[in-house]
**Q** 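Please find one structure pasted underneath; my questions will follow.
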Amino acid sequence: MVRIIDRRFDSKGKSTVNRQRFMRRFKQQIRKAVSEAIHGRSIRDLDNGEEVSIPARDLSEPTLHQGRGGIWEQVFSGNDQFSSGDLINRPLGGGGGGSGKGKASNEGEHEDEFVFQLSREEFLDLFFEDLELPRLIRTQLARVTDYKTHRAGFTSDGVPANINIVRSMRGALGRRLALGSPYNARLRELQRELEDVVARYGEDSEEARVLRDEMGKLRAKIDKIPFIDSFDLRYNNRVKVPRPTTQAVMFCVMDVSGSMDEERKSTAKRFFMLLHLFLTRTYEHIDVVFIRHHTVAKETDEDEFFHSRESGGTVVSSALVLMRDIIRERYANGQWNIYGAQASDGDNWDNDSPICRKLLDNDILPWCQYFAYIEITSGDPQNLWREYEKLSGARDNFAMQHIESPADIYPVFRELFKKTIA
């Protein structure tokens, strides 16, 4: 049976259903490729698609065919070399003669891997999937657009609340002058003629009475001109324009002491990726400052920030002092929106934690639009957490969350997402 599908009125995305079916079928392979891309991808390159390779063996589909059925006989060729139970030596050179990876051969064949290109939206969907990000927020995250109302002259249509009285009265005055101008000119001529007639024939003459009657008719016509008409009304016109783009700086502060293993560093990277992705949706120009610390803090590039093996003890205040100094030197002119994110396992020298709280309260938070602290640990809160708790109620631009696994990252991001950004 032949089936004809009329797609003349379909949209451009008529193959979307097939694409989604394909992604559902190979979701494990695609998710694995996205996970590998996250570990090897730069923070600034997160908001891009990804190329996924699917092995040819995973693309093969099972087929059904009709069996031979019935009773049938088959004769197998014998051999004069082996008997039942003999051991067969492994062929020299290995393999069965097929060609694949390795030396070139004139026998056998194979199939190339299938390459599948993920779009930016599909990549973000899979990236946020294991963070349990609600779909509504996930859609808004990729399409955040901010507008503000701007005056754009006047319009002849609108609501009464937007009437511009001065502009409307000016238009009404101009209309009355334009319509009454011929009558006023004629009225002035008749006034001069009346003065001549009165001087020649007297006040009660017939000629004077006729002129007075004509002047009365002209004044009546002038009085019939409306004081204001619907044609004169003007309304304030307001249009939505994109909010002027501003610039922001994001400080990524991470503890790289001996207690921060690779798994915790990977969790911190996921958190920094989310924060950076959110800020790039709001600001056109954004700087990222990476600060890593153990007993000594150092500003680094992104590659060294995440992959350097340098380790040591823990003095968190060194990182906050460096962040304060960088703010004062580069971003204290009032033209930057400053955001900070600190990731640590909470383990710190006891005498240093109160110093960290004072640095945040006095020198950093007054400059920041928002500062988020995440403590990546599976045990009880550490001394740094207890000191920072004293700031959480006093400062509305400070948030702190406890994270045990990558799935717990989103609560911190949600708090930042709900924050009104100036």
Side-chain angles (χ1 to χ4, degrees), residues 9 11-12 136-137 139-248 278-286 333-337 369-370 396-397 416-422:
F9 298 102
S11 63
K12 293 182 179 179
L136 175 63
I137 302 299
T139 301
Q140 291 177 353
L141 180 65
R143 299 181 180 179
V144 172
T145 305
D146 194 14
Y147 296 93
K148 73 172 183 179
T149 304
H150 187 270
R151 285 287 301 274
F154 305 94
T155 179
S156 57
D157 298 322
V159 296
N162 290 334
I163 291 179
N164 189 291
I165 298 177
V166 175
R167 188 76 178 194
S168 299
M169 296 303 296
R170 184 187 302 174
L173 177 60
R175 177 186 53 81
R176 293 198 306 271
L177 291 176
L179 293 179
S181 179
Y183 301 135
N184 289 322
R186 177 59 181 164
L187 193 61
R188 288 192 293 271
E189 293 179 0
L190 293 176
Q191 182 64 34
R192 288 194 293 270
E193 293 179 6
L194 180 61
E195 292 175 356
D196 294 340
V197 168
V198 169
R200 185 179 301 177
Y201 302 106
E203 288 282 348
D204 299 330
S205 62
E206 181 66 19
E207 291 82 357
R209 185 182 62 79
V210 172
L211 291 175
R212 290 192 181 97
D213 291 342
E214 186 175 356
M215 293 174 63
K217 294 178 181 179
L218 290 175
R219 292 191 179 96
K221 291 181 179 182
I222 293 174
D223 293 339
K224 289 182 180 180
I225 298 176
F227 179 77
I228 191 169
D229 193 82
S230 59
F231 177 79
D232 305 321
L233 297 179
R234 292 294 180 269
Y235 301 86
N236 295 324
N237 187 29
R238 294 181 174 88
V239 296
K240 288 185 176 181
V241 297
R243 186 180 295 274
T245 56
T246 53
Q247 51 191 3
F278 172 74
L279 294 177
T280 53
R281 290 294 182 275
T282 308
Y283 301 103
E284 181 178 356
H285 178 69
I286 178 170
N333 54 9
Q335 300 178 1
W336 292 84
N337 295 280
Q369 295 281 48
Y370 210 71
D396 57 358
N397 60 341
L416 184 61
F417 188 81
K418 290 181 179 180
K419 179 69 178 179
T420 302
I421 297 181

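Throughout, residue positions are numbered sequentially from 1 according to the sequence presented. For the numbers below, each heavy atom of this structure counts, side chains included, while hydrogens, waters and symmetry mates do not.
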**Q** What I want to check is whether the side chains of Asn236 and Asn162 have a donor and an acceptor closer together than 3.5 Å.
**A** no
**Q** Going by heavy atoms in the side chains, are Glu207 and Val210 under 4.5 Å from each other?
**A** no
**Q** Quick one: CZ on Arg212 to CD on Gln191, what's the gap to the nearest 0.5 Å?
**A** 9.5 Å
**Q** Atom CD of Glu193 and atom CZ of Arg186: how far apart are they, to the nearest 0.5 Å?
**A** 5.5 Å
**Q** Nearest heavy-atom pair of Phe227 and Arg176: which atoms, and what distance?
**A** O-NH1, 2.5 Å
**Q** Donor-acceptor pair, Asn237 side chain versus Ala152 backbone, under 3.5 Å?
**A** yes
**Q** Got more than 12 heavy atoms from elsewhere within 6.0 Å of CZ, Arg151?
**A** yes
**Q** Roughly how far apart are Tyr235 OH and Ser168 OG, rounded to 0.5 Å?
**A** 7.5 Å
**Q** List the atom of Ala208, the atom of Val197, and the distance in Å for their closest heavy-atom pair.
**A** N-CG1, 3.6 Å
**Q** Using the rule given for side-chain contact (heavy atoms from CB on, under 4.5 Å), can you reason through Lys221 versus Lys224, listing the C-alpha separation, both sets of side-chain angles and the distance that settles it, and then say yes or no?
**A** CA-CA 5 Å; Lys221 291 181 179 182; Lys224 289 182 180 180; 5.6 Å; no
**Q** Who pairs with Asp196 by side chain to side chain donor-acceptor pair (under 3.5 Å), at least two apart in sequence or on another chain?
**A** none
**Q** Rounded to the nearest 0.5 Å, what's the gap from CG on Asn184 to CD1 on Ile222? Could you check?
**A** 4.0 Å
**Q** Where is the tightest heavy-atom contact between Ala178 and Pro182, given as atom of each residue plus distance?
**A** O-CD, 3.7 Å
**Q** To the nearest 0.5 Å, what is the distance between CG on Leu187 and CZ on Arg192?
**A** 10.5 Å
**Q** Can you name the residues that form a salt bridge (charged side-chain N to carboxylate O under 4.0 Å, His left out) with Arg175, not counting sequence neighbours?
**A** Asp232
**Q** Hey, what do you get for CG (Leu194) to CD (Glu189), rounding to the nearest 0.5 Å?
**A** 13.5 Å
**Q** Not counting sequence neighbours, which residues clear side chain to side chain donor-acceptor pair (under 3.5 Å) with Asp223? List them please.
**A** none
